[in-house]
Amino acid sequence: MVLLDVLANAMALIKNAEVRGHKQVVIWPISKLVGNVLRVMQKFGYVGEIEYIDDGRGGKFIVQLLGRINNCGVIKPRFPVKYKDIPKWEEKYLPARNIGILILSTSKGVMSHIEAKQLKIGGILLAYVY
């Protein structure tokens, strides 16, 4: 099994577990980026507790699922987005106004498009969740 994108793998694991109605999912392999994206999802109530387990091989996350995710995934290629262009990307990836979040990597860290709009900064699109 060849894993080229750790974040895409994590989002696929979460989506598949949600579709099957599981209460939790083990995400492995992980990276700092995956941890930061999970924290943003947790902040907006899409996932519950996130537990890090150090298994001596890079670690894994155990994520509690709340059954609130209809769809999630990564955005490829990872487009750079200016602050003014965020609404255009919302229309493209989210189903309706005020439903779901886009996750961006900015100079101030990984955050949702809502926070990026408040701070008036752009970044690189990573993922969407709704």
Side-chain angles (χ1 to χ4, degrees):
M1 182 166 93
V2 179
L3 294 173
L4 299 174
D5 187 348
V6 180
L7 181 60
N9 181 52
M11 294 304 255
L13 285 168
I14 291 170
K15 184 177 174 181
N16 291 339
E18 279 279 11
V19 166
R20 289 187 161 175
H22 291 244
K23 294 282 176 241
Q24 67 179 28
V25 61
V26 177
I27 296 175
W28 174 90
I30 60 168
S31 66
K32 274 187 189 172
L33 181 66
V34 171
N36 291 334
V37 168
L38 286 172
R39 267 183 226 101
V40 172
M41 289 169 70
Q42 183 181 36
K43 185 176 177 183
F44 283 85
Y46 288 104
V47 296
E49 289 274 312
I50 301 166
E51 185 184 350
Y52 171 73
I53 293 176
D54 187 5
D55 58 0
R57 302 184 312 183
K60 43 182 89 161
F61 285 124
I62 295 181
V63 179
Q64 302 301 320
L65 299 174
L66 305 173
R68 294 201 181 127
I69 298 174
N70 294 316
N71 197 357
C72 66
V74 292
I75 297 171
K76 284 247 178 134
R78 296 204 168 130
F79 297 105
V81 177
K82 293 187 177 112
Y83 154 71
K84 292 189 247 20
D85 294 339
I86 291 174
K88 181 183 90 174
W89 294 98
E90 282 179 74
E91 284 175 25
K92 185 168 180 171
Y93 286 104
L94 300 178
R97 213 173 258 197
N98 299 329
I99 293 177
I101 55 170
L102 294 173
I103 300 172
L104 290 91
S105 175
T106 69
S107 55
K108 301 239 189 315
V110 176
M111 63 180 69
S112 73
H113 74 281
I114 299 161
E115 295 163 303
K117 281 204 268 189
Q118 287 169 349
L119 294 171
K120 296 193 167 153
I121 55 174
I124 295 179
L125 280 177
L126 296 175
Y128 62 90
V129 186
Y130 58 85

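Values in this document were obtained by computation on a predicted structure and should not be read as measured data. Every heavy atom of this structure was used, including side-chain atoms; hydrogens, water molecules and symmetry mates were not.
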Find out if a path of hydrophobic residues (ILVMFWY) with successive side-chain heavy-atom gaps under 4.5 Å connects [X] to [Y].
X    : Y    : result
M41  : F44  : yes
V34  : L126 : yes
Y128 : V40  : no
Y93  : I99  : yes
W89  : I121 : no

Any side-chain heavy-atom pair from [X] and [Y] closer than 4.5 angstrom?
X   : Y   : result
N9  : P29 : yes
I69 : V47 : yes
I14 : L38 : yes

Testing the basics here: between [X] and [Y], what is the closest heavy-atom pair and its distance to 0.1 Å?
X    : Y    : result
V129 : I103 : CG2-CD1, 4.1 Å
L7   : L33  : CD2-CD2, 4.1 Å
G45  : L66  : O-CD1, 3.7 Å
L13  : V26  : CD1-O, 3.9 Å

**Prompt:** Can you list every salt bridge (Lys or Arg N to Asp or Glu O under 4.0 Å) pair that touches residues 20-40, not counting sequence neighbours?
**Reply:** none

**Request:** With sequence neighbours excluded, give me every salt bridge (Lys or Arg N to Asp or Glu O under 4.0 Å) pair touching residues 121-130.
**Result:** none

Distance-only criterion, 3.5 Å: show the donor-acceptor pairs between side-chain atoms of residues 106-114 and protein atoms not counting sequence neighbours.
residue, atom, partner, partner atom, Å
T106, OG1, K108, N, 3.1
T106, OG1, G109, N, 3.4
T106, OG1, G109, O, 2.7
S112, OG, I114, N, 3.3
S112, OG, E115, N, 3.3
S112, OG, E115, OE1, 3.2
H113, ND1, L102, N, 3.0
H113, NE2, E90, OE1, 3.3

Under 3.5 Å donor-acceptor pairs involving side-chain atoms of residues 80-87, not counting sequence neighbours:
none

**Message:** Per the side chain to side chain donor-acceptor pair (under 3.5 Å) rule, what does the pair list look like for residues 60-78, sequence neighbours excluded?
**Reply:** D5-K76, D5-R78, K15-N71, Q24-Q64, N71-Y130

Can you give the donor-acceptor pairs under 3.5 Å from side chains of residues 49-56 to other protein atoms, not counting sequence neighbours?
residue, atom, partner, partner atom, Å
D54, OD1, G56, N, 3.1
D55, OD1, R57, N, 3.0
D55, OD1, G59, N, 2.9

